[in-house]
Structure formats: C-alpha cells, structure tokens
Participant: 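This is the structure I want to talk about, given as structure tokens.
In what follows, every chain begins at residue 1, and chains take the letters A, B, ... in the order their sequences are listed.
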Amino acid sequence: MADTSSQPSRSRDLDKLLLRPGNLVGATFEPGPELRDALQEDFVKVLVVGAGGLGCELLKDLALSGFRNLEVIDMDRIEVTNLNRQFLFRLEDVGKPKAEVAAKRVKERISGVNIVPHFCRIEDKDISFYSDFSIIALGLDSIEARSYINGVACSFLEYDSNDNPIEETIKPMVDGGTEGFKGHARVILPGVTPCFECTIWLFPPQVKFPLCTLAETPRTAAHCIEYAHLIKWNEVHGGVAFDPDDPKHMKWVYDEAVKRAELFGIPGVTYSLTQGVVKNIIPAIASTNAIISSACALETLKIVTGCSKTLSNYLTYNGAEGLHTKVTEFERDKDCLVCGPGVLIELDTSVTLKKFMDILEEHPKLQLSRASVTHRGKNLYMQAPPILEEMTRSNLSLPLLDLMDKVPKDVLHVNGTTVKKDEKVTCLRKLRVVFKGVDGVADMDTAGGA
Amino acid sequence: MAGQYTCPICSQASCQRKRTKTRTISVSLFILRLLSLCGLFSSRTMIRLFKVKEKQRELAENASGGAPVKKQSAGELRLHKDISELNLPKSCNIQFPNGKDDLMNFEVSIRPDEGYYASGTFLFSFQVSPIYPHEAPKVKCKTKVYHPNIDLEGNVCLNILREDWKPVLNINTIIYGLYHLFTEPNYEDPLNHDAAAVLRDNPKMFESNVRRAMAGGYVGQTYFPRSM
Ligand SMILES: [Zn+2]
C-alpha cells in the first residue's frame with residue numbers, strides 16, 4: 001500500500017473521512033486504511049435501483065466514493081428526452097437499456113469498479129437476489145417501485161423475543177427522490193427508522209381530474225392529454241392496454257391531445273408534458289438530481305464505514321426560491337404491517353386454524369374476534385363475503401402448520417374486531433407465529449439473542 | 001423561523017399534511033455539512049456486520065437452497081381487511097374470477113331494485129394497485145349501458161374514484177357509490193353527453209331509452225346488448 005500522505009492518491013478525499021478520527025463519527029468507528037480497503041471487498045455490495053436521472057448520478061458517486069462492487073437494475077430503455085440530465089447516455093445510446101449503458105460508461109471512466117447491470121423489472125428478481133446486497137440505494141420516481149423494494153428489504157428483518165430488531169437482519173436502504181427543484185434523501189434502517197410504508201402519507205396524493213371534466217369541459221393542456229390517455233385511447237384501441245413505456249403509444253396520445261387542444265383553443269400540449277402527465281412525472285432538473293444523489297451516496301458511505309453518524313432520517317431540499325433544506329426525524333409506526341415486530345405467538349404444531357382463531361380471541365394483547373387470516377398471499381380464512389367464506393371454510397379444521405406450508409416460523413396477518421375503550425373496533429394485525437418443537441426454530445432464536 | 005412548523009415536503013407553514021409524529025430540526029448550514037449533523041444507529045460498524053452476514057448466507061444457502069417466497073404488498077393487506085369486512089346489500093354481488101387468493105382483481109354485479117335501472121344487471125371490474133389505498137382502485141363498467149355518467153367504453157364518472165378519493169374510504173364505499181349512480185343518475189357530470197341531455201330535457205324519454213337499451217336494442221345509432 002502506497003504512503004498516502006506523500007503521494008497524491010485517488011482516494012485522497014476519501015482518506016480524510018476514513019483515516020482520521022473525528023467528533024461526529026459513529027460510536028465504534030476505527031479509522032484506518034483497512035476500512036478503505038474493506039470497501040472494495042466482495043461482501044460490500046451495493047444495489048442501485050433505477051438508472052435514470054438519480055441512478056446515473058448515484059452510480060458515478062458511489063464508484064468515485066470507493067465502492068467497487070455495484071449492481072444496477074432498471075427496466076427502461078434510453079429516450080432522447082433523457083439526454084439533458086442522464087449524463088451517462090449519448091445520442092447513439094437511444095433505444096438501448098439504461099442499466100447496461102450506465103454500467104458500461106461508469107466502468108470506462110473509473111478503473112477497477114465492477115458494475116453488473118440488470119435490464120429487467122424489479123419484480124422479476126426473486127427475493128434472494130436482493131438479500132445479497134449490503135445496502136440498497138433507490139433512485140426511483142414511482143411510489144409503487146419504492147413500496148415494492150421496501151417490502152422486500154423489510155421481509156429480511158427479524159425480531160428477537162423482546163421485539164428488538166436483530167441487527168444482522170437489517171437491510172439498510174438509502175432513498176432519493178426529486179421533483180423539479182425539490183427533493184428528498186432518507187435513510188431507512190428497517191426496524192430502527194421509519195420504513196417507506198410508515199410514512200407513505202408524505203407523498204401527496206396524485207392529482208386526478210374528474211373524467212367528466214376531461215370529457216366535457218377541458219380547460220388545461222393536462223386535461224387534453226388525460227382525455228386522450230384515459231378516454232380516447234380505449235374508444236379507439238378497444239382491448240389493447242395502454243403502455244406508458246411504448247413510445248408509439250405515447251406518440252399517439254400526444255397527437256390526440258394536440259387535436260383536442262386545437263378544438264378547444266387550449267395552448268401548451270407538448271410531447272414531454274404528455275409524458276409527464278401520463279406517467280405523473282414533474283420535469284426533472286439535473287442539479288437537483290446531483291444534490292440528492294450526493295447526499296444518498298454519502299449516507300451509503302456513512303452507513304457502511306461508520307465514518308459519521310447517519311442522517312436521521314429525512315432530508316428535504318428545496319431549491320425553487322433560494323435554498324431551503326432541513327432534516328426531519330420521523331418516527332416509526334410501531335404497528336406498521338411491513339416493518340413492525342407484530343405480536344409474537346407460540347403455538348403447538350397440532351393447532352388447527354379454528355383453534356388458532358380461538359387463541360387470538362383469548363390472547364391478552366389481541367382479544368381479536370371474527371378473525372380473517374392471510375399468509376403470504378394465501379387467504380386461509382375469510383369472514384366475508386359469503387363466497388370467500390365458503391371457499392375457505394374447509395381450512396378451519398386443518399393444522400395451521402400445514403396451511404403455512406410447514407414453515408415453522410413466519411409472519412401472518414389477521415384482521416377482525418377488538419374492543420378498545422368499551423368500543424368495538426376493526427383492526428389489522430401482524431403476527432409472528434412460531435411453532436414449538438420444530439427443527440430450526442431453536443437455532444434461529446439463539447441467533448436472535450446473540 | 002426556528003421553531004415554526006414548515007412542511008418537510010413543500011416547506012410551507014400552511015401545508016395541511018399530517019403533522020404529528022415528527023420532530024423537526026431546522027438548520028441553515030451548507031448542505032453537505034448538514035448531512036453529518038444528526039445521528040443514530042451506530043452500535044456496530046456495518047461493514048463488519050456485512051462480513052458476518054456473508055458467512056451466514058453461505059451457510060444458509062448450503063443448508064436449504066433458499067426457496068423464494070411470495071410477499072404481500074401493504075396494499076394487498078389493506079384490501080384483505082376491506083374485503084373481509086364487506087357488508088353489501090342483496091342487490092350487489094362480488095366475484096373473484098382468479099380464485100380466493102387474488103383479491104386485487106374482482107368483479108361486482110349490481111342489480112338495482114328501484115329507479116330507471118331496476119332489474120337490470122351491471123357488471124363492474126375492479127383493479128386494485130399494490131399501493132392501495134394511497135391510490136383508488138381502477139373501476140370499469142363491463143356492461144354496455146345507456147347512462148349519463150358511464151360512457152360506452154365503460155369509464156365511470158364517480159368523484160370518489162378520482163378527484164375525491166381518500167385513503168379512509170374503502171371498497172364498500174365505492175360499491176355503494178356505484179349503486180347510487182343507478183338510483184340517482186346525474187346529468188351534471190356527463191360522460192355520455194347524449195344520455196345526459198335527454199335526462200335533463202326529457203326524463204320520460206330518458207326512461208324509455210333506458211328500458212330499450214336494457215332490453216337489448218338501439219338508442220340512436222348505438223346498440224346495447226340485453227342487460228336484464
Ligand atoms: Zn414501516
């Protein structure tokens with residue numbers, strides 16, 4: 001290893017963070033070149049989700065921050081309108097997968113970095129793909145995709161018998177998002193800081209115009225675009241589903257919106273506005289992406305090395321008028337169905353679904369009657385409607401362990417009614433079910449106590 | 001400025017977003033310096049944890065093979081609650097064409113017992129998003145119907161499906177809303193322009209048009225298959 005103090009080194013700036021002690025460092029931070037070298041080891045692997053405006057920046061920032069093992073996943077192909085801000089792409093790349101081109105360009109510019117691209121939907125990868133990464137960095141523009149990745153990351157989380165998160169099962173996420181001159185960066189440590197679902201209300205509801213306004217009294221360019229997208233498309237294309245990622249579909253909607261706008265004398269319909277309205281995207285600004293990505297990359301570095309305490313836990317940035325930025329410490333929703341511990345219930349292997357429901361009713365923490373039970377997308381019992389009650393009734397006499405595919409320790413969700421302050425209320429609860437005396441359970445509990 | 005509430009999203013004091021459950025720290029330092037100010041979670045350096053995890057994973061993979069498991073979205077869980085608490089009038093019926101485990105796609109048939117549409121049967125498809133109830137379900141009318149608020153493509157003009165949707169609403173509310181469209185069709189929110197004009201100007205003729213359409217026949221140039 002070269003003497004970094006006498007020789008200008010590529011890691012000169014990184015060394016200032018990793019080789020020196022400081023007052024703001026994490027509690028167990030031990031500075032030294034080992035830390036910098038460890039960043040390059042196989043076990044430090046970062047997944048970047050999205051290779052768009054934020055993703056391009058994130059890949060570059062992480063690679064320049066000393067990370068050597070990166071992977072990137074994105075299902076989109078490069079469009080001409082991306083080129084003004086997604087700086088890894090060139091005109092000749094239009095039509096090629098974003099993930100592949102982004103990986104190639106960063107590898108060309110930064111020697112020694114290894115980036116594996118994945119040109120597919122995030123749902124196409126199974127859960128073990130995601131479990132492989134030390135940290136997941138999100139550069140996305142959709143709530144659905146964030147919610148999906150959040151669900152995956154939280155599914156690795158396990159709690160010990162005192163409802164404390166087990167450190168080794170925490171899959172950290174760093175999430176960035178921008179809309180025009182505004183943006184956010186946040187650190188999600190499932191079980192420690194609020195997950196995406198704990199604070200989903202932070203996302204303003206989408207603006208949806210009444211259909212009759214679109215059909216009868218359009219007043220804005222967006223009305224004309226939504227008319228073409230929501231009403232005219234079906235009228236003309238019948239059963240063909242509109243695909244926002246198909247440029248031909250988008251062009252058709254744009255052309256129809258232009259006709260509609262001319263008819264009503266409304267100005268302002270452009271192709272990029274059409275994309276923006278249909279995909280519900282506010283035009284992205286390169287500098288906002290750069291600022292938010294740098295914050296995310298820095299948080300990633302801080303989480304991995306402990307060189308500083310992490311952002312706690314939600315940074316907002318607004319560059320619309322001057323510059324305003326602040327950090328808000330949101331709190332977890334203790335009853336969050338996605339990241340919360342749920343209620344731990346120990347059962348004998350012989351317990352039937354019916355008996356299980358009786359146990360829920362008598363359980364002091366739950367007192368849950370009229371339970372409907374669901375396990376990983378399988379509805380084990382439904383109280384209503386009658387058609388589902390009938391379809392699930394035969395499960396009542398079966399052992400719960402069999403209904404849960406013999407998995408001795410897993411999460412179930414139940415809903416039903418409970419009594420709060422002398423009033424009957426409906427509730428939806430997460431349960432951690434553990435079957436006593438089944439192989440494997442004892443081992444896992446020891447790991448949890450360690 | 002300090003101490004005064006400003007929305008973390010839009011930076012406005014007047015914003016009506018939920019304000020509880022937050023603690024705000026207002027700072028005016030240069031952005032990157034700011035990032036290192038606030039802290040938590042540093043009980044063990046993550047990098048060492050990753051090494052431990054890598055070993056554990058190798059062991060685990062050798063032991064089992066790690067069968068991938070389906071996970072449920074938060075939207076599915078909330079929908080499960082909605083569906084298991086459904087309380088529908090006899091005139092409304094729900095079906096699950098993909099079986100008991102796909103609640104995200106279902107159909108509701110409505111058979112009004114009063115009004116212009118009495119004894120007709122109208123089928124609606126529901127498509128629920130994984131981020132339900134942040135987003136309203138997509139609802140289409142599968143039965144071709146002569147109705148001021150439903151167009152011939154099956155688009156439905158019901159405020160709670162679009163501009164007035166709120167996460168506290170549920171599937172039950174929507175089905176009641178749809179039922180209401182048949183007992184109280186409304187010419188002020190037209191999707192089928194012609195039907196709305198007839199209802200407004202000549203309710204008697206509207207009634208006979210509805211009857212003709214439901215029996216299976218033409219209203220103007222448009223053919224309606226039988227729906228009663
Ligand atoms: Zn949560």
Side-chain angles (χ1 to χ4, degrees), chain A residues 24 26-28 38 43-44 126-128 134 143-144 147 151 155 168 189 192 197 200-201 208 210-212 215-216 231 234-235 295 298 303-306 308-309 311-312 316 318 324-331 337-338 372 374 376-379 382-385 388 391-392 413 415 426 428, chain B residues 8-9 11 18 21-27 31-32 34-36 38-47 49-54 56-57 66 68-74 76-77 80-81 84-86 88 94-96 100-101 129-131 134-135 153 155 157 159 162-163 189-191 193:
Chain A
L24 295 171
T28 56
F43 59 81
V44 180
D126 63 36
I127 209 144
S128 61
S134 330
I143 302 181
E144 281 95 335
S147 171
S155 72
E168 298 89 272
L189 303 165
V192 181
E197 224 64 53
I200 193 162
W201 49 270
K208 298 228 166 166
L211 284 181
C212 35
E216 287 289 310
I231 296 175
N234 286 325
E235 218 173 285
L298 186 57
I303 292 172
V304 172
T305 63
S308 173
K309 290 171 185 171
L311 174 79
S312 163
T316 47
N318 189 341
H324 181 268
T325 174
K326 90 193 216 181
V327 174
T328 307
E329 187 178 348
F330 287 107
E331 283 174 18
L337 296 174
V338 178
S372 295
T374 180
R376 293 200 182 277
K378 263 169 53 189
N379 293 316
M382 295 291 283
Q383 298 280 351
L388 289 181
M391 285 160 99
T392 53
H413 290 89
N415 68 77
T426 65
L428 170 52
Chain B
I9 306 306
S11 322
K18 189 170 166 186
K21 290 190 176 183
T22 73
R23 261 197 294 149
T24 60
I25 306 153
S26 223
V27 271
I31 177 167
L32 291 181
L34 175 147
L35 293 177
S36 57
C38 327
L40 60 95
F41 198 74
S42 47
S43 54
R44 217 191 311 180
T45 308
M46 273 283 178
I47 204 158
L49 218 50
F50 296 152
K51 204 168 186 173
V52 176
K53 275 200 237 182
E54 177 86 356
Q56 282 179 345
R57 194 159 45 234
V69 275
K70 186 187 181 301
K71 46 166 247 50
Q72 245 166 332
S73 66
E76 261 178 286
L77 294 172
H80 181 262
K81 179 175 188 317
S84 68
E85 289 168 5
L86 275 182
L88 296 176
I94 186 166
Q95 295 111 43
F96 297 88
K100 71 173 178 64
D101 293 331
S129 131
I131 55 164
H134 190 75
E135 199 175 278
E153 264 43 69
N155 294 307
C157 193
N159 63 335
R162 293 189 60 82
E163 71 274 20
D189 297 328
L191 262 191
H193 189 90

Participant: Is chain A contacted by the side chain of B:Ser73, its backbone, both, or neither, given a heavy-atom distance below 4.5 Å?
Facilitator: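 Interface part for B:Ser73: neither.
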Participant: Can you tell me which portion of B:Glu153 sits under 4.5 Å from chain A's heavy atoms? Options are side chain, backbone, both or neither.
Facilitator: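 The answer is the side chain of B:Glu153.
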Participant: If you round to the nearest 0.5 Å, how far is NE2 of B:His80 from CG of A:Leu337?
Facilitator: 11.5 Å
Participant: Please find the pair of heavy atoms, one from B:Cys157 and one from A:Cys212, that lie closest to each other, and give the distance.
Facilitator: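 Looks like SG-SG, 2.6 Å.
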Participant: About how many Å separate NZ of A:Lys208 and CG of B:Asn159, when rounded to the nearest 0.5 Å?
Facilitator: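 Between atom CG of B:Asn159 and atom NZ of A:Lys208 there are 14.0 Å.
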Participant: At a 4.5 Å cut-off on heavy atoms, which part of A:Ser147 comes close to chain B: side chain, backbone, both, or neither?
Facilitator: side chain
Participant: Look up atom OG1 in A:Thr426 and atom CD in B:Glu85, then write down how far apart they are to the nearest 0.5 Å.
Facilitator: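 Going from OG1 on A:Thr426 over to CD on B:Glu85, the span is 4.0 Å.
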Participant: Given a strict heavy-atom distance threshold of 4.5 Å, which part of A:Glu144 is in contact with chain B: side chain, backbone, both, or neither?
Facilitator: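 Both parts, backbone and side chain.
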Participant: When rounded to the nearest 0.5 angstrom, what distance separates CG in B:Asn155 from CD in A:Glu235?
Facilitator: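 Result: 9.0 Å between the selected atoms.
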Participant: Where the side chain of B:Asp101 meets the backbone of A:Lys378, is there a donor-acceptor pair that is under 3.5 Å apart?
Facilitator: no
Participant: Kindly give the heavy-atom pair with the smallest separation between A:Gly377 and B:Glu76, and that separation in Å.
Facilitator: CA-OE2, 4.4 Å
Participant: Does any N or O in the side chain of A:Asn379 come within less than 3.5 Å of the main-chain N or O of B:Lys100, such that one atom is a donor and the other an acceptor?
Facilitator: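 It does hold such a pair.
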Participant: I need the minimum non-hydrogen distance between B:His134 and A:Ile200, along with the two atoms involved.
Facilitator: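 Closest approach of B:His134 to A:Ile200, heavy atoms only: CE1-O, 3.8 Å.
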Participant: Taking all non-hydrogen atoms of both residues into account, name the closest pair between A:Thr374 and B:Gln72 and its distance.
Facilitator: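 Looking at all heavy atoms of both residues, the closest pair is OG1-NE2, 2.9 Å.
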Participant: Of all of A:Pro385, A:Ala215, A:Ser155, which one pairs up most often with chain B through heavy atoms under 4.5 Å apart?
Facilitator: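 Heavy-atom pair counts peak at A:Pro385.
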Participant: Taking side chain as everything from C-beta outward and backbone as N, CA, C, O, which of these in A:Met391 sits under 4.5 Å from a heavy atom of chain B? Side chain, backbone, both or neither.
Facilitator: both
Participant: Which atom pair, heavy atoms only, marks the closest approach of A:Leu211 to B:Leu191?
Facilitator: O-CD2, 3.7 Å
